[in-house]
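What you see is a predicted model; the values in this text were computed from it and never measured.
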Amino acid sequence: MKTTATQGSYIKALLTAPALALLMLMMSCSEKNSPPVQSVNKHTQYEMNGIPTLTRSNPGEPASLDPHLGAGVTDGEIQRDLFEGLVNIGPDGTPVPGVAESWSSNEGMEYVFHLHEDAHWSNGDPVTAQDFVFSWRRLVNPATASPFAWLLEAASVTNAGDIIAGKRSPETLGVWAKDEHTLVVTVERPVSHFLSMLVTTALSPLHQKTLEMHGDRWTRPGNLVGNGAFVLADWTVGESIELEKNQHYWAKDSVRLQRVKFLPLSNAKAALSRYLTGEIDLLFELPADNIDSLRNERPKEFVGDPILSTRYYYIQTKKEPLDNPKLRQALAYAIDREVIANKVYRDDKVPAYSVVPPNLPGATSTHYRTEWSTLSQAERERRAKLLYAEAGFSPEKPITIRLLHTDSDLSARESIAVASMWKRVLGVESILEQREWKSFWEKLTSGDYEIAMSGYTGDYNAPSTMLLPQTSGNPSNYAHYSNIEFDRLINEASITYDKVQQEKLYLSGEEILSQDMPLIPIFHYSNLRLVKPYIRGYRTNALDKMYSKDLWIEK
């Protein structure tokens with residue numbers, strides 16, 4: 001049953017003090033009563049008339065396949081197969097050649113990229129440096145309203161910030177084509193992780209004639225022209241998105257798959273069932289109830305590693321009474337992250353007390369620990385009650401919170417657990433708003449929410465990928481948070497090459513976030529998945545960004 005705002009009275013009835021205990025009991029019983037993890041020992045879907053087809057589950061229906069507009073893993077998983085930027089992501093999360101076969105830099109102030117001369121679009125047109133110029137100018141153009149425009153400003157590309165602010169025209173962006181296969185990028189100041197930032201799909205080239213010809217319909221099957229290893233063949237909303245091998249891709253000889261099918265499945269149990277019957281080859285998300293049994297019974301198919309990703313809740317900081325940091329802190333402290341990670345999800349998630357995960361390559365295990373992370377849960381709850389009272393609320397005078405979440409079954413369970421904790425510790429009343437991904441995304445980006453269960457997976461391998469989106473005016477700052485000192489620290493860290501000093505700046509920024517609490521960190525992700533034993537080439541990286549072109553089927 002979907003939960004909406006109109007069902008608030010029903011939800012409030014559920015969220016009594018014993019509700020969390022009941023929820024834990026239900027989860028325990030569901031694990032005991034869940035069906036045995038068995039499947040038919042056959043695979044009937046990976047070939048269509050002799051054509052090798054990889055079938056992957058996707059956590060939902062993508063909002064857009066436009067690299068400048070689509071956001072979240074539901075969009076990114078498919079976009080990476082359709083488009084390719086200057087660089088790709090290597091196994092360790094560092095950049096490796098993509099469309100650019102090589103590059104050079106003049107002390108970090110100017111970058112020259114040499115493109116593969118045999119790089120082509122899926123319609124056969126050559127990929128040129130001008131295609132990158134067109135794409136990057138469109139990205140920073142305020143008319144595009146891209147949530148990723150900030151990347152070029154964060155990378156300090158010349159004039160990017162002024163263009164986004166409407167002070168200069170997109171044509172003044174510090175990027176131009178020296179010739180068909182040479183792209184030049186200038187920056188206003190050296191950025192230590194500049195190359196790592198280029199791995200995001202938003203910085204892929206775009207085929208200008210296609211966008212001009214089809215307008216908003218350019219991402220539809222038959223219209224979309226991409227430069228990735230695959231091309232969009234079919235999109236049946238609610239059923240599947242099918243890709244075919246791009247015969248014009250510059251490295252097509254290394255791509256072994258002919259077809260890739262994505263099934264949009266927000267229900268993890270339904271996805272598992274289809275995996276067990278042989279319909280799905282690569283399962284994106286595992287149901288919490290089945291993780292232990294899957295890990296034990298299918299060790300050769302079970303994969304999982306920590307990734308640069310954090311589950312947190314956006315708080316609409318401009319809305320009363322959530323504009324009060326004390327209230328935001330109280331809500332954060334009242335949540336028992338150990339229960340969420342170990343009881344609701346029951347997998348390898350790590351309770352989070354900071355936005356930047358401790359598993360960030362190069363960071364120590366204690367690097368991003370904040371002051372409140374050292375407290376016991378009982379101490380945090382005592383603080384929560386005091387702060388709640390100081391904010392002007394009490395169990396007799398409670399606040400009512402609208403908690404927005406997606407239609408994932410795990411998100412629904414998590415929302416009930418969190419609402420129960422708020423009720424038990426503070427007396428908070430909760431109205432749970434469940435939305436499918438596209439509707440959820442529209443409400444989040446428009447600001448039509450109070451607290452939204454979301455999260456972020458890093459676009460590149462540096463702490464700033466998690467912290468820059470929280471700076472003032474950033475298009476991805478959906479909490480509408482602003483703190484001048486936080487902005488200064490994070491921007492200064494981005495241009496600091498001394499690692500020790502840089503880490504101090506980032507940690508100081510985290511402490512400010514923990515005091516202002518525009519986001520409530522919940523846990524750091526691991527990418528627990530099932531991969532059929534006949535799938536080869538699967539590998540993970542810290543950014544959890546996978547390319548179907550690296551996979552193949554071995555009978």
Side-chain angles (χ1 to χ4, degrees), residues 56-60 71-81 87-96 151 193 196-197 199-202 268 271 282-288 291 294-295 301-313 337 340-342 344-365 367-369 406 408 410-411 414 453-470 476 506 510 519 521-531 537-548 550-551:
R56 301 174 51 175
S57 69
N58 206 44
V73 294
T74 54
D75 304 66
E77 293 294 306
I78 302 168
Q79 289 172 357
R80 277 190 295 278
D81 283 352
V87 299
N88 289 326
I89 305 165
D92 59 354
T94 58
V96 297
L151 283 165
H193 44 267
S196 294
M197 299 182 75
V199 302
T200 179
T201 312
L282 198 160
L283 188 64
F284 182 87
E285 184 179 40
L286 308 184
I291 286 174
L294 291 169
R295 192 196 305 269
E301 300 172 47
F302 192 97
V303 294
D305 292 291
I307 57 177
L308 182 52
S309 184
T310 302
R311 172 72 150 186
Y312 50 66
Y313 302 167
R337 289 147 184 79
I340 300 296
N342 301 322
V344 175
Y345 283 86
R346 291 204 294 278
D347 58 18
D348 294 344
K349 291 178 173 58
V350 177
Y353 303 92
S354 61
V355 174
V356 178
N359 56 281
L360 180 73
T364 65
S365 60
H367 177 60
Y368 288 99
R369 289 183 64 184
T406 66
S408 159
L410 284 173
S411 292
E414 181 184 347
M453 301 172 65
S454 188
Y456 201 84
T457 298
D459 292 299
Y460 54 92
N461 213 356
S464 62
T465 192
M466 306 298 292
L467 297 173
L468 275 170
Q470 321 316 330
S476 294
Y506 283 135
E510 278 276 17
L519 312 168
I522 302 297
F523 56 74
H524 303 300
Y525 287 90
S526 293
N527 59 354
L528 302 186
R529 295 189 179 132
L530 288 179
V531 182
Y538 180 88
R539 62 187 184 186
T540 60
N541 55 58
L543 301 179
D544 194 31
K545 291 176 171 50
M546 178 176 49
Y547 304 93
S548 295
D550 295 331
L551 307 175

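Counting heavy atoms from C-beta outward, Ser354 and Met466 have side chains that stay 4.5 Å or more apart. At a threshold of 4.5 Å between non-hydrogen side-chain atoms, the residues Tyr506 and Ser464 count as touching. At a threshold of 4.5 Å between non-hydrogen side-chain atoms, the residues Ile522 and Met453 do not count as touching.
A donor-acceptor pair is defined here as one N or O able to donate and one able to accept, closer than 3.5 Å; no such pair exists between the side chain of Asn88 and the backbone of Val96. Under the 3.5 Å distance criterion, the side-chain polar atoms of Tyr460 are left unmatched by any main-chain donor or acceptor of Val199. Looking at Asp81, its side chain does come within 3.5 Å of a backbone N or O of Ser548 through a donor-acceptor pair. A donor-acceptor distance shorter than 3.5 angstrom exists from the side chain of Arg337 to the backbone of Ala352, with no hydrogens or angles considered. Looking only at distances, no side-chain donor or acceptor of Tyr456 sits under 3.5 Å from a matching main-chain atom of Tyr312. Ser57 places a side-chain N or O within 3.5 Å of a backbone atom of Phe284 that can act as its donor or acceptor partner. In terms of modelled atom types and a separation under 3.5 Å, the side chain of Glu510 and the main chain of Val355 share a donor-acceptor contact. Remark: the backbone N or O of Leu528 is not paired with any side-chain donor or acceptor of Ser526 at under 3.5 angstrom. In this structure, Thr310 contributes its side chain and His524 its backbone to no donor-acceptor pair below 3.5 Å.
Closest heavy-atom contact between Ile340 and Glu414: CG2-CG, 4.2 Å. Between Pro59 and Thr74, the shortest heavy-atom contact is CG-CG2, 3.6 Å. Closest approach of Glu77 to Asp544, counting heavy atoms only: OE2-O, 4.0 Å.
Atom CE of Met546 is separated from atom CG of Leu282 by 4.5 Å, given to the nearest 0.5 angstrom. In this structure, the separation between OH on Tyr345 and CD on Glu285 is 7.5 Å, given to the nearest 0.5 Å. Arg80 CZ to Ile89 CD1: the interatomic distance, rounded to the nearest 0.5 Å, is 6.5 Å. Atom NZ in Lys349 sits 9.0 Å away from atom CZ in Arg311 (nearest 0.5 Å). Interatomic distance, CD1 of Ile78 versus OG1 of Thr201, reported as 11.5 Å (0.5 Å rounding). Leu530 contributes atom CG, which lies 11.0 Å from atom CZ of Arg295 (distance to the nearest 0.5 angstrom).
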### Message
Between Lys545 and Thr457, does the side-chain contact (heavy atoms from CB on, under 4.5 Å) criterion hold? Intermediate values first, please.
### Response
CA-CA 9 Å; Lys545 291 176 171 50; Thr457 298; 4.1 Å; yes
